[in-house]
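First the structure, in the form of structure tokens, and then the observations on it.
Predicted, not measured: the structure shown is a model, and the values here were computed from it. The figures here come from the full heavy-atom set of this structure, side chains too, leaving out hydrogens, waters and symmetry mates. Counting convention: from 1, in listed order, for ligands and their atoms alike.
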Amino acid sequence: MVKGCELQQVNHSLGDLEKMASCLYECLCEAGLQKYFTRFTNMGVKHPQELSRITMLDYPQLGIHDIKDCTRLFQLVQMIKALQADDGKRDPTRSRSNPCRQLDFSISPERNTVKSQGCFISSSFSSSSSSLASSSSSKKNKQNCRKTCHDQYSPSDSLESRPILKELAQDVNLNEHFPSRTCMMSPNVSNKVLHLKKLVHTTGYNYGVPHSHQNQCEDQMECQKIRVCIRKRPLGVQEVHRGETDIISTLDKKSVLIHEMKEAVDLTEYLLQHEFHFDEVFDETCTNQDVYMKTTFPLIQHVFKGGKATCFAYGQTGAGKTHTMIGTRQKPGLYALAARDIFQLLDRSQLCQKFHVYISFFEIYCGQLYDLLNRKKRLFAREDGNHVVQIVGLREEKVASADMLLEAISWGNQERSRGASGVNTDSSRSHGIIQIQIKDLARRVFGRISFIDLAGSERAADTRDPDKVTKMEGAEINQSLLALKECIRALDQEHTHTPFRQSKLTQAPVKLYDTFLINVLKDSFIGNSKTCMIANVSPSHVSTEHTLNTLRYADRVKELKRGIKSSSVSSFKKSKVVRATSPKHCKNSCKERICNKKVKLRKENGITFPSQSYFQPTYNSFQSSNVVLSSTPKSSLPSKFCRSAKEAWMEHASPMKGKFRGEGHQDILSKQSDKDNSQNCIDLSVKNNDFKSSIDANPSVTIKEPHFHNQHLLPVWKQNILRKTNYDNGSVSSDHFFDSSVNSTIQLEERVHHLEMYHKNLQQPAILQQTLSYQPLEDLLALYRLENFGQTLDYFHDVGDMKKPYCQDQRFHYSKVNSQSRSNEMDFIEKNQIDINHTLCSNNPDQVDDNTIEAHYEELDEMESLNQKEKALLLSLPEKDFAEYVHKLEEIMTLKAKCVQSLRAQLQLCLTCLGTYVEGRQPSKEV
Ligand SMILES: Nc1ncnc2c1ncn2[C@@H]1O[C@H](COP(=O)(O)OP(=O)(O)OP(=O)(O)O)[C@@H](O)[C@H]1O
């Protein structure tokens, strides 16, 4: 009897369980998540009510990685929570249908146009079994349920087509629960679906107003001087295994949507969606050929019209820059496709008799230039009297066919510095620049295209098991990319100050390549030139922050399109005044800035670009503005690093003075340079493709090099990982170019030494080394301490006037803050070229984030009484110290203000007492 009872109870509870399970299953079916049913039950979720316990952290455990499924589950959970909350308020007598009947999935992210690749880890579904699932009746139930749910409504069905949901939609007014949130995920989405926020990035600092939609003319490739494209790569196998989620949806060919998982202050989770618009968006299904046709091919056509073009790839490490630019033999990258087209076009237009193709390939590693087609010989950039940046000693190879060109690229690529980053085991650690020039028989440049494969940015925090070198390299790369970003910002803001400029006084080599890269960009804005930026992004949710930064950066470059105007051209030419200010220094309100933009847009209509002769005599040069490049670093070369007799010049030679000009000039030095240049040019076709022999046969390349003294950094021969040459089909070995045994002599010690020297320079900007060095900040702050106010009072010339102490020659000087001292400050800054960004980044490699810098700038800008030097000093502090010092400073300022008030009161009292005394009266008690 007892047993019978127990059995009945067991049967009852089994029945309950089944009901619950079927209910949960039905619920999941509604959401299109039924395939995860077993995972839910395994996790102990047996009833729809229990879904409210699920947080985003559980998604990977549930095997949910696809962003669409994440969104669905998220909404389902929110819906259940809303219903539970609603239950509290609801009339208990009112019956309500099963929660699973009350769900609204009309938000289905599948717009027809939306493509988003999800990653699935599906094996667990079939393999795992639950007690509930094993029950045969449950199975039947499930099958029925699957049938009804699936046959009738697909997850993407609209609200109207799903009566169950329709009923619920009327039943629950979700806006009651979350009035502040509106879902904007897709136009179809009813505002009943919650916890989704969408940001259409707006300009600006105003990131991203889709200007490309504003002016239709800009959309036409021909009119565009600069095109900004986005390329999303697919999730890698490893990433899928790690359970990473695809967070990027490509809405159409011009828009991209990033789904960012966020948590509100009240710990509510929500999805923040960022929408960006660009000239072209390539999703993971696009091939290099697709990318080429939309980005580089128009540039090649432009080059054949005698123009200049630049194509550069930017993005986080491992985002696919090298894949895009260089590719593989099976999937050739943009260089290779361009090379083939160049020769095809030459052949087709019968121009091959009149024009020759030259290639040069160099890298910028730790602020120094190395010739990748010339055994990584150290190169120097110089600006001539016409403000044309020349790379002295750069080897140009004449190539007679596409294969030869590819071979040269392939060789150069093997020479390139690379190592393992936290994300990419075969990461480029330098910026690689390939220039392909079409020259006439007199070696005058007809057209030129430059490909820039920028090193990938990586946050120090992302670096897994970093060694010292990798860490330092990462910091350096970030620093350079930040500098580049600041340059772009400066161009955008029409700043006369170019933050990339490095003082000749400071002699730090760090900015050389920033200058150089920005020159390439400027090259794109002035004259007959076009640029295409390809921003590569990784789809993984782990990289959300990076992806957003990259897109914002790309957005900034996109903004430059409207900054191209004659005034900016002239401002480059005239630029002299140097101010280390943030754009925020123009204290315009946001509104004002937008107004300014509008004004700029109007001005833009009247742009006339200076026409350039196609046959302008340039060689190894980037037409640029008047950017003064930094000088050669000063210090002597440690003799142990002298590689060979050929490099002896580095130690003893002195810099070449004078100007390098084109052939048209009578400058003897320019002739010399030209001569050098021609000697550097090796006709591959004549030399039978043999780079090695051609180099060996041309020792003059090194000997004729203009000499520089005080060299203290050596070329880095870093080649830890041998990347197989991409175009190496076995017919031409890379030994063909050089003896690879040269590289085997590379020593890690040398690399470390190089980086250490480099970082020493970074960390101790000359401003801190000179006599005008600061006392430690604590000392400075000590003066502001309350107990020192007695002493400080002496320095108040006028009551209420703040003075800022700073030390010079280890002695404190105090100056009143007046216009005179302000202008002195500016002189000081100009002379010493304080570069806030540089200081900031060199000490804070993590802070490539635009927003942080902006925030810091803003914070310091508000502290009116700080002078530029003090700001620079504060910005150079690590993040945690920065906040602390700023806080302290604010406190001190408040105390000082109070002290001044009390001084005023005391003075007033004295005056009153004096008055009453003089008048022979007793001071009143009130006073
Ligand atoms: N569109 C794509 N399709 C398939 N695989 C890709 C794609 N883009 C990148 N990958 C793969 O992703 C990995 C990293 O790509 P890649 O080396 O090009 O990154 P990167 O941006 O150049 O990195 P770094 O800046 O560190 O050099 C490579 O294995 C590459 O094959």
Side-chain angles (χ1 to χ4, degrees), residues 115 117 119 229-242 244 246 248 250 256 280-292 294-295 311-337 363-365 413-434 451-460 462-464 466 469-471 473-474 476-478 480-481 484 533-540 542-543 546-547 549-550 553-554 718-726 848:
K115 281 188 221 164
Q117 173 171 325
C119 69
C229 308
I230 304 298
R231 186 175 193 190
K232 171 195 174 188
R233 71 159 168 78
L235 274 173
V237 181
Q238 295 282 347
E239 289 167 327
V240 173
H241 280 308
R242 285 197 295 266
E244 293 173 21
D246 181 350
I248 305 178
T250 45
V256 67
E280 204 70 49
V281 172
F282 301 101
D283 65 20
E284 62 276 14
T285 59
C286 290
T287 62
N288 277 351
Q289 180 70 35
D290 297 334
V291 178
Y292 172 76
K294 292 275 173 64
T295 57
C311 180
F312 72 99
Y314 175 87
Q316 177 204 354
T317 176
K321 298 180 295 298
T322 311
H323 179 89
T324 305
M325 282 290 175
I326 296 171
T328 59
R329 174 150 279 281
Q330 293 76 29
K331 298 174 190 166
L334 303 187
Y335 301 139
L337 296 167
E363 73 172 353
I364 303 169
Y365 177 77
N413 201 40
Q414 279 198 347
E415 288 280 299
R416 224 175 133 187
S417 301
R418 58 176 58 86
S421 69
V423 187
N424 190 1
T425 49
D426 188 11
S427 170
S428 312
R429 308 304 280 166
S430 65
H431 307 301
I433 297 163
I434 291 180
F451 292 95
I452 307 174
D453 176 16
L454 290 172
S457 61
E458 185 186 32
R459 290 182 318 170
D462 294 342
T463 316
R464 293 177 196 140
V469 175
T470 313
K471 235 173 148 178
E473 277 174 349
E476 186 276 327
I477 291 168
N478 285 345
S480 71
L481 291 174
L484 188 60
M533 174 190 187
I534 302 170
N536 291 89
V537 286
S538 152
S540 167
V542 176
S543 310
H546 274 302
T547 302
N549 274 340
T550 302
Y553 188 45
K718 178 191 167 195
Q719 187 70 24
N720 282 352
I721 300 168
L722 191 67
R723 188 166 358 196
K724 189 87 186 103
T725 170
N726 289 314
V848 278

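Among Gln238, Met325, Arg233, the residue whose heavy atom sits closest to atom 11 (C) of ligand 1 is Arg233.
In Arg231, the part holding a heavy atom less than 4.0 Å from any atom of ligand 1 is the side chain.
Annotation: His323 places an N or O atom under 3.5 Å from an N or O atom of ligand 1; distance criterion only. Where the criterion is an N or O separation shorter than 3.5 Å, residue side chain and backbone included, Lys321 meets it with respect to ligand 1. Checking only distances, Cys286 never comes within under 3.5 Å of ligand 1, N or O to N or O. Checking only distances, Lys232 never comes within under 3.5 Å of ligand 1, N or O to N or O.
Arg231 places no side-chain N or O within donor-acceptor distance of the main-chain N or O of Ala313, the cut-off being under 3.5 Å.
Minimum heavy-atom separation, Glu239 to Pro234: OE1-O, 4.3 Å.
Using a non-hydrogen distance threshold of 4.0 Å, Gly236 does not register as a contact of ligand 1. For the pair Pro234 and ligand 1, a heavy-atom separation below 4.0 Å is found. The closest approach between any non-hydrogen atom of Gln316 and ligand 1 is below 4.0 Å.
By the 4.5 Å heavy-atom criterion applied to side chains, Tyr314 and Ile534 are not counted as neighbours. Taking 4.5 Å as the limit, every side-chain heavy atom of Ser538 sits out of range of all side-chain heavy atoms of Lys232.
The closest side-chain donor-acceptor pair between Thr324 and Asn288, if any, does not fall under 3.5 angstrom.
Expressed to the nearest 0.5 Å, how far CZ of Phe312 lies from CD1 of Ile433 amounts to 11.0 Å.
For Gln238, the CD atom counts as loosely surrounded, since its 6.0 Å shell holds 12 or fewer non-hydrogen atoms of other residues, nucleotides or ligands.
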